[in-house]
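Some notes on the structure that comes next.
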Amino acid sequence: METRVLPLARGIARASLPWRKVALGATIAFGFVAAAPLSAQAAAPAACAALQEKYPDWKGKTLVNAINPHTPGYETIDPKDPSKYIGFDIDLGEAIGECLGFKLTYKPVTFAALLTTLAAGQADIVISDIYATKERAKAADFITYSKVFDGVLVAKGNPKVINGINMSMCGTAAAENTGYVEVPLIQALIPECKKAGKAEPTIQLYDNNANCIQAILAGRADTYINDVNTVDSAVKAYPDKLEKAIAVTIPYSVGIAVRKDKPKFRDAVLAALIEVQKAGTHMELLKKHGLDVNNFKEPDILTAD
């Protein structure tokens, strides 16, 4: 994920969803790794049947979801089967797909390439823990579905005493993902640090969360600021080496991205997400994947307009 701290302190085995069953196995189509196919006998709510009548264009289709599969809890490669992906976003996307009658395959790309892959027509949708911002809405429309809370990951003991995206970062090195919203926020500290006579913060750019975390473990970076669930997962994996200095709220939401020239598809996904939430599936998936239930939010549309 990514983040913003204010003020300047700014993703398991599958379980059956309430109204679907998952068949074993995986398919690989057109070079894309697919998650386990949905059971043909799965019965969606009556409301979803109505949506399939209202939006018939995607019923029976197989769509491509562009993902950056390096966020534990949200989207990662299944350690038990590298031909599958697991996580909250994977299950949520498949629940939406079942409601509208389509299946998903997956195209793994770097985080920075998610929206360009979508815009190039190499993917139909992006459900990959991406923050919906007005700037990004210039490239895609978003259906928001999750609140954002960030954590500040540091080495055990927090030797640099970092407590947010603020002056405590002067003279420190931050590991961040290319394209993350944290990057310009940290860059904005450079003139403030100079004005205060302090060394400026530096940024190391990586392609995924795992590399950012490894940078701290290797002593190359002092901090990594990202989604609090991702930070908590890193601390759980390395409790003797890492800690969360602080958690902060940020004024963004996580969103599902669709092409700007597909407003009907955007509206269909929004309608399906609403039904998935009504069925209790969204909340169940947050709990299943160990994510904070406070992340839950009712969906909205974000466009550049």
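Starting from 1, each residue takes its place in the sequence as its number.
Counting heavy atoms from C-beta on, the side chains of Arg136 and Val181 come closer than 4.5 Å. In this structure, the side chains of Asn177 and Tyr224 come closer than 4.5 Å at one or more pairs of heavy atoms. Ile90 has its side chain within reach of Ile67: a pair of non-hydrogen atoms, C-beta onward, lies under 4.5 Å apart. Side-chain atoms of Ile186 and Glu176, non-hydrogen and from C-beta on, do get closer than 4.5 Å to each other. Looking at Tyr85 and Ile77, their side chains come closer than 4.5 Å, going by heavy atoms from C-beta outward. With contacts defined as side-chain heavy-atom distances shorter than 4.5 Å, the pair Asp57/Phe265 does not qualify. Counting heavy atoms from C-beta outward, Ile86 and Asp81 have side chains that stay 4.5 Å or more apart. The closest side-chain heavy-atom distance from Ile225 to Met169 is below 4.5 Å.
Side-chain N or O atoms of Gln277 include one that pairs as donor or acceptor with a backbone N or O of Lys297 at under 3.5 Å. Distance alone, capped at 3.5 Å, is enough to place a donor-acceptor pair between the Thr144 side chain and the Asp300 backbone. With Lys134 contributing its side chain and Leu302 its backbone, the two residues share no donor-acceptor pair below 3.5 Å. Side-chain atoms of Asn211 never come within 3.5 Å of backbone atoms of Ala215 as a donor-acceptor pair (strictly under, hydrogens ignored). The main-chain N or O of Tyr106 is never found under 3.5 Å from a side-chain atom of Asn65 such that the two would form a donor-acceptor pair. Judged by distance alone, the side chain of Asp227 and the main-chain N or O of Thr230 form a donor-acceptor pair under 3.5 Å. At distances below 3.5 Å, at least one donor-acceptor pair connects side-chain atoms of Gln204 with backbone N or O atoms of Arg220. Looking only at distances, no side-chain donor or acceptor of Glu243 sits under 3.5 Å from a matching main-chain atom of Val235. With hydrogens and angles disregarded, no donor-acceptor distance shorter than 3.5 Å links the side chain of Lys288 to the backbone of Met283.
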Practice task
Would you please test Asn229 and Asn295 for side chain to side chain contact (heavy atoms under 4.5 Å, CB included) and show each step?
Solution key: CA-CA 10 Å; Asn229 296 298; Asn295 285 90; 3.4 Å; yes
Worksheet entry | Derivation and outcome, salt bridge (Lys or Arg N to Asp or Glu O under 4.0 Å), residues Asp240 and Lys156 | CA-CA 7 Å; Asp240 297 328; Lys156 192 73 174 181; 5.9 Å; no
(request) In sequence, state the C-alpha distance, the side-chain angles, and the governing distance for Tyr145 and Ile127, and then conclude on side chain to side chain contact (heavy atoms under 4.5 Å, CB included). (result) CA-CA 10 Å; Tyr145 63 96; Ile127 311 176; 4.2 Å; yes
- Passes salt bridge (Lys or Arg N to Asp or Glu O under 4.0 Å), Lys287 versus Glu284? Steps please. CA-CA 5 Å; Lys287 296 175 181 177; Glu284 178 180 304; over 6 Å; no
Next on the checklist: For Ile130 and Phe111: C-alpha separation, side-chain torsions, deciding distance, then whether side chain to side chain contact (heavy atoms under 4.5 Å, CB included) applies.
Outcome noted: CA-CA 8 Å; Ile130 183 171; Phe111 182 86; 3.9 Å; yes
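Exactly one residue among Leu153, Val154, Asn209, Leu242 makes a side-chain contact (heavy atoms from CB on, under 4.5 Å) with Val231. That residue is Leu153.
Taking hydrophobic clusters as Ile, Leu, Val, Met, Phe, Trp and Tyr residues chained together by side-chain heavy-atom distances below 4.5 Å, Val161 does not share a cluster with Met167. Hydrophobic clustering keeps Ile216 apart from Tyr206 (ILVMFWY residues linked when any side-chain heavy atoms are closer than 4.5 Å, directly or through intermediates). Following chains of ILVMFWY side-chain contacts shorter than 4.5 Å, one cannot reach Ile190 starting from Ile162, and the two form parts of different hydrophobic clusters.
Nearest approach of Glu75 to Asn68, heavy atoms of both residues: CG-O, 3.6 Å.
Side-chain N/O atoms of Asp91 and His289 include a donor and acceptor closer than 3.5 Å. The closest side-chain donor-acceptor pair between Ser168 and Asn163 falls under 3.5 angstrom.
Between the SG atom in Cys48 and the NZ atom in Lys278 there is a gap of 10.0 Å [rounded to 0.5 Å].
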